[in-house]
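Sequential numbering from 1 along the given sequence is applied to the chain's residues.
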Amino acid sequence: MSAHRRTFVVITAALALALLAACGSDKKTPAASASSAPAATTTTTAAFDEAAAKAQITKAFETFFNGTVTDQNLKLQQLAEPDKLKALFNENFTKNATVAAMTVAQVETITFGTDKTKADVVYTLVVSGTPALQHFGGSAVFTGGYWRITTASFCDITYIGATQPPECTS
């Protein structure tokens, strides 16, 4: 890849990532607002169902980063700490609606920790059909009966290359 192309890809990825925190627009659609919480499919008290956990994690990442999903509350509920991140999320949701509307996530791998309550997630963000950020590392945590995107993952993607606000560092 030429230096110019590589620079373009990095700049595009950084811009896309900065704009992806809220992925979507502020328009509401009936299909997107049907539910505000992800479906609980795995519990830590029952036998661990890896396939169900992977499906729920994949759905959380795809819902959060899918530009056609425009329900802010649905997206916010994909985060492990929605109350803590609500102001940051809402700010970025409105500011970045245009690029976010063209974005989807493709989950590549999910690896569970030994206690089966945390998972490392590798995914690619695709903007207008072109991979903007490939093989990006994130994480999910099982909390409140659901697999959700960690605060660290939200902050890493939202503030890539920039100073993170206190909500991300505390």
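One finds the OG1 atom of Thr63 at 5.0 Å from the CD atom of Gln78 (value rounded to the nearest 0.5 Å). Atom CG in Asn96 sits 9.5 Å away from atom OG1 in Thr103 (nearest 0.5 Å). Interatomic distance, Leu76 CG to Arg148 CZ, rounded to the nearest 0.5 Å: 9.5 Å. Note that the NZ atom of Lys75 and the CD1 atom of Ile149 stand 9.0 Å from one another [nearest 0.5 Å]. Here the straight-line distance linking atom CZ of Phe112 with atom CD of Glu50 works out to 5.5 Å at 0.5 Å rounding. With values rounded to the nearest 0.5 angstrom, Thr124 atom OG1 is found 3.5 Å from Glu108 atom CD.
Side-chain contact, Gln164 with Thr169: no donor N or O sits under 3.5 Å from an acceptor N or O.
At least one side-chain heavy atom of Val69 sits less than 4.5 Å from a side-chain heavy atom of Leu74. Proximity of Gln56 to Tyr146: side-chain heavy atoms (C-beta onward) are separated by under 4.5 Å at one or more points. Counting only heavy atoms from C-beta outward, the side chains of Phe65 and Ile157 approach each other to under 4.5 Å. Between Ile57 and Val107 there is no side-chain heavy-atom pair separated by less than 4.5 Å. By the 4.5 Å heavy-atom criterion applied to side chains, Leu79 and Phe64 are counted as neighbours. Side-chain atoms of Pro165 and Leu88, non-hydrogen and from C-beta on, do get closer than 4.5 Å to each other. The side-chain heavy atoms of Thr70 and Thr68, taken from C-beta on, include no pair separated by under 4.5 Å.
The aromatic rings of Tyr123 and Phe136 sit perpendicular to each other, their planes meeting at more than 60°, with 30° as the lower class boundary.
Phe89 and Ile160 fall within the same hydrophobic cluster, where Ile, Leu, Val, Met, Phe, Trp and Tyr residues are linked whenever their side-chain heavy atoms come under 4.5 Å apart, directly or through other members. When the side chains of ILVMFWY residues are joined at heavy-atom separations under 4.5 Å, either directly or via intervening members, Tyr159 and Phe93 end up in a single hydrophobic cluster.
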So Phe48 and Thr117, side chain to side chain contact (heavy atoms under 4.5 Å, CB included) or not? Walk me through it. CA-CA 10 Å; Phe48 180 70; Thr117 62; over 6 Å; no
For Asp120 and Ile110: C-alpha separation, side-chain torsions, deciding distance, then whether side chain to side chain contact (heavy atoms under 4.5 Å, CB included) applies. CA-CA 6 Å; Asp120 293 325; Ile110 299 170; over 6 Å; no
Could you walk me through whether Leu85 and Thr151 satisfy the side chain to side chain contact (heavy atoms under 4.5 Å, CB included) test, starting with their C-alpha distance in whole Å, then the side-chain angles of each, then the deciding distance to 0.1 Å, before giving a yes or no? CA-CA 8 Å; Leu85 299 171; Thr151 296; 3.8 Å; yes
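The main-chain N or O of Ser139 is found under 3.5 Å from a side-chain atom of Ser153 such that the two form a donor-acceptor pair.
The nearest pair of heavy atoms linking Thr150 to Ala80 is CA-CB, 4.3 Å.
Phe61 has its ring centre no less than 6.0 Å from the ring centre of Trp147.
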